[in-house]
Structure formats: structure tokens, C-alpha cells
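Structure first, commentary second.
This is a predicted model, so every value here is computed, not measured. Here is how names work: the chains are called A, B, and so on, in the same order as the sequence lines, proteins then strands, and each is numbered from 1.
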Protein chains: 2
Amino acid sequence: MHRETKQRTAILKYLNNTKSHPTADIIYDVVKKIIPNISKGTIYRNLNVLKESGQVTRLNIKGTVSRYEIKQASHYHFRCEQCGRVFDIDEPVDKSIDERVAKSTGFKVIRHQLEFRGLCKDCQR
Amino acid sequence: MHRETKQRTAILKYLNNTKSHPTADIIYDVVKKIIPNISKGTIYRNLNVLKESGQVTRLNIKGTVSRYEIKQASHYHFRCEQCGRVFDIDEPVDKSIDERVAKSTGFKVIRHQLEFRGLCKDCQR
DNA sequence: TCAGTAATAGGAACCATTACCATTATTATG
DNA sequence: CATAATAATGGTAATGGTTCCTATTACTGA
Ligand SMILES: [Mn+2]
Ligand SMILES: [Mn+2]
Ligand SMILES: [Zn+2]
Ligand SMILES: [Zn+2]
């Protein structure tokens with residue numbers, strides 16, 4: 001069974017209060033201020049546990065480090081190629097496309113992921 | 001200037017004749033049969049050179065390792081969560097969505113990437 | 001033909017993530 | 001409350017994909 005440790009609580013609390021899609025490293029830096037001797041392994045272990053239990057989502061695109069967010073309704077992302085930040089995009093999620101692809105391919109389509117790339121406002125100047 | 005080496009030629013030749021979106025490791029295994037003492041560094045170096053020159057695309061597909069393909073018209077992918085294989089999807093590419101997101105966010109949208117996940121035919125049984 | 005230099009092989013380094021393990025802390029139960 | 005079972009931790013080593021380094025090789029333009 002899952003225990004409620006102060007480490008796990010602090011990680012969840014931070015994720016619940018940010019929209020920044022932080023990396024494990026950023027989470028580590030933030031939580032370290034509250035629990036100075038926390039280890040990075042604990043960050044990763046908890047993020048994986050929370051992902052398994054459906055409370056956290058891992059955004060991982062190869063070529064970049066993984067980013068994490070509190071599990072929420074399906075949505076799309078924008079990644080700035082300059083600064084690396086990730087933003088939510090409120091474009092409506094098209095569910096019908098999964099069925100269409102399933103029909104045309106014969107594959108079982110469970111989900112799709114759409115991500116935009118470019119330059120955020122700050123990085124355009 | 002770029003030179004034509006047998007290593008580079010063999011890598012390109014293999015990529016030109018497969019639709020499998022191979023990883024660097026797979027390319028290494030295949031090309032090793034033709035050039036037994038080729039090194040993995042040469043595979044990676046050439047894949048990067050070919051990417052820079054626009055002949056090869058590196059797929060930033062969710063998962064752990066990078067996959068490569070010959071540069072071609074923009075298209076979407078499906079990744080089987082069981083066997084890990086990547087397939088092309090011939091769903092038409094929606095270009096208007098980039099502009100729509102650009103307008104609503106103020107970001108400069110350069111491209112988008114859509115990827116489906118699920119089970120391929122083989123893995124459904 | 002050959003000098004200039006791009007590319008190679010092999011191995012070390014890098015770095016995000018995972019694995020290991022002795023110790024600590026949470027929690028179900030009496 | 002006391003306690004025993006064991007989940008979780010901190011610290012560190014290991015892993016694995018990828019990049020970097022360097023002496024040597026081999027393209028290629030002149
Ligand atoms: Mn998000
Ligand atoms: Mn493809
Ligand atoms: Zn930016
Ligand atoms: Zn499959």
C-alpha cells in the first residue's frame with residue numbers, strides 16, 4: 001500500500017501549484033528547500049509511483065528531459081525550442097481522429113499526443 | 001564540404017530502403033554486416049550530419065531512443081506500446097492548426113507533431 | 001598525384017534516469 | 001499505545017543512449 005511521506009506530499013503539493021511542467025531536476029531544487037536532504041532518487045521514484053497511480057503525467061519527448069504535471073483532462077502542449085518551456089494549449093482535443101486512424105489502419109488506437117513547437121513570446125525578440 | 005564515405009553511403013542506403021524508423025542501434029547492427037569495424041560514433045555522427053543537411057529526420061517520438069527516417073513530406077506516426085514499432089499514418093496533415101494556435105497564443109508556431117499510440121495488428125492478439 | 005582536411009575507429013566522458021541496499025519511518029493491528 | 005511488518009528513504013553505484021576526443025585514415029579539388 002502507498003504511504004504518505006513528507007517527501008511525496010511535498011512533490012505533489014508543488015505540482016498542484018504550478019503550471020510550469022517542471023523537470024525532475026526543477027522539482028528537486030524546489031522540494032530541496034523544504035526537505036534539504038531529499039535525494040534525487042526519491043524524486044524520480046515518487047514521480048514514477050505517482051504516475052503509476054494516475055496522479056501525475058510524464059511528458060516525455062525524446063531529445064529532451066522528461067517533464068511532469070498533475071494529471072488532468074487531455075490537452076495539447078507547446079514547447080519553445082529556444083528556452084525549452086512547455087505551455088498548455090487550449091485547442092479542443094479531437095477524439096474522433098483516433099477512431100478514424102483505427103479504422104484506416106486496423107490498429108487499436110488508445111490515445112494521441114499533439115505538440116506544437118516554435119518560439120514563445122519571450123523568445124521571439 | 002561533405003565527403004562521400006562508404007559509411008555514410010551505407011547508412012543512407014539502408015534508410016532509403018526501409019520504412020521501419022530504425023534506432024541508431026538497429027542501423028549500427030545492419031551496417032555492421034557490410035562494414036564490420038564501423039563504430040557507433042560514426043553512426044551517430046553521420047545521422048546528425050545527414051539531419052543537418054536535411055536528408056534525414058530524427059523522430060522525437062515518445063519513448064526512450066531516437067528513431068530516424070529519410071526526410072519526406074510531413075506525416076504523422078503511430079507507435080505500438082507493446083512492440084515499440086513505429087508506423088507512418090496517412091491522415092492528412094492539418095497545416096491550418098499552426099496558425100490558429102499562433103493566433104490564440106501569440107507564439108510563433110513552426111511545426112506540430114502528432115503521434116498516435118496503441119497496439120499494432122500483430123500485438124492485438 | 002598529392003596536400004589539405006573531413007571523416008573514421010575506438011574509447012572516454014556525459015548525463016538523465018534507474019537500481020541497490022542499509023537504515024528510517026509509516027501504518028495496520030492487537 | 002506499542003509494535004511488528006514493510007514501504008520508503010538517502011546516498012551512491014550502475015545503466016544506457018548519445019556525444020566528445022584524438023590519432024589515424026581516406027576523400028577530393030587542384
Ligand atoms: Mn500540460
Ligand atoms: Mn515516418
Ligand atoms: Zn521561449
Ligand atoms: Zn506491436
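Proximity of T5(A) to the phosphate of dA7(D): no side-chain N or O atom is located under 4.0 Å from OP1 or OP2. Remark: S66(B) is in phosphate contact with dT18(D), judged by side-chain N or O atoms under 4.0 Å from OP1 or OP2.
Taking atom CG on N60(B) and atom C1' on dG17(D), their separation rounds to 14 Å, with Å as the unit. Note: CD1 (I38(B)) to C1' (dA26(D)) measures 14 Å, nearest angstrom. The distance between atom CG of L50(B) and atom C1' of dA7(C), rounded to the nearest whole Å, is 13 Å. In this structure, the NZ atom of K6(A) is 14 Å from the C1' atom of dA7(D), given to the nearest Å. For Y28(A) and dT9(D), the OH to P distance is 14 Å, given to the nearest whole Å. Rounding to whole angstrom units, CZ of residue R67(A) and C1' of dT17(C) are separated by 16 Å. When rounded to the nearest whole Å, the span between CD of E4(B) and C1' of dT5(C) equals 17 Å. For I34(A) and dG10(D), the CD1 to P distance is 13 Å, given to the nearest whole Å.
In the displayed structure, K108(B) atom NZ is contacted under 6.0 Å by at most 12 heavy atoms of other residues, nucleotides or ligands. Surrounding CD of E4(B) are at most 12 heavy atoms belonging to other residues, nucleotides or ligands under 6.0 Å away. Within 6.0 Å of CG on D90(A) lie no more than 12 heavy atoms contributed by other residues, nucleotides or ligands.
For DNA chain C, the neighbouring residues in residues 7-25 of chain B, judged by any heavy atom under 4.0 Å, are Q7(B), R8(B). Less than 4.0 Å separates DNA chain C from at least one heavy atom of each of the following residues of residues 39-49 of chain A: Y44(A), N48(A).
Listed nucleotides: dT28(D), dT27(C), dT17(C). Nearest to the side chain of R3(A): dT27(C).
Heavy-atom minimum distance, A24(B) versus I43(B): O-CG2, 3.8 Å. Across K121(A) and T105(B), no two heavy atoms sit closer than the pair CE-O, 3.3 Å.
Side chains of T5(B) and R8(B): a donor-acceptor N/O pair is absent below 3.5 angstrom, by distance only.
Salt-bridge annotation for R111(B) and E81(A): present, with a side-chain N of the basic residue lying under 4.0 Å from a carboxylate O of the acidic one.
Projected onto DNA chain D by closest heavy-atom contact, M1(A) and M1(B) fall at different nucleotides, the more 5' of which corresponds to M1(A). Mapped onto DNA chain C by nearest heavy atom, P36(B) and H2(A) fall at different nucleotides, with P36(B) at the one closer to the 5' end.
Direction change of the helix axis from one end of the helix from dT1(C)-dA30(D) to dG30(C)-dC1(D) to the other is 40°, with five pairs defining each end axis (rounded to 10°).
Remark: C120(B) SG to R85(B) CZ distance equals 4.5 Å, nearest 0.5 Å.
Ring geometry, F87(A) versus F107(B): the interplanar angle falls from 30° to 60°, so the pair is classed tilted.
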Pair H77(A)-E115(A), side-chain hydrogen bond (donor to acceptor under 3.5 Å, both in side chains): steps then yes or no: CA-CA 5 Å; H77(A) 290 105; E115(A) 167 181 329; over 6 Å; no
side-chain hydrogen bond (donor to acceptor under 3.5 Å, both in side chains) evaluation trace for D94(B) with S96(B): CA-CA 6 Å; D94(B) 179 1; S96(B) 67; 2.7 Å; yes
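A distance-only check finds no donor-acceptor pair linking the side chain of T18(A) to the backbone of L15(A) [under 3.5 Å].
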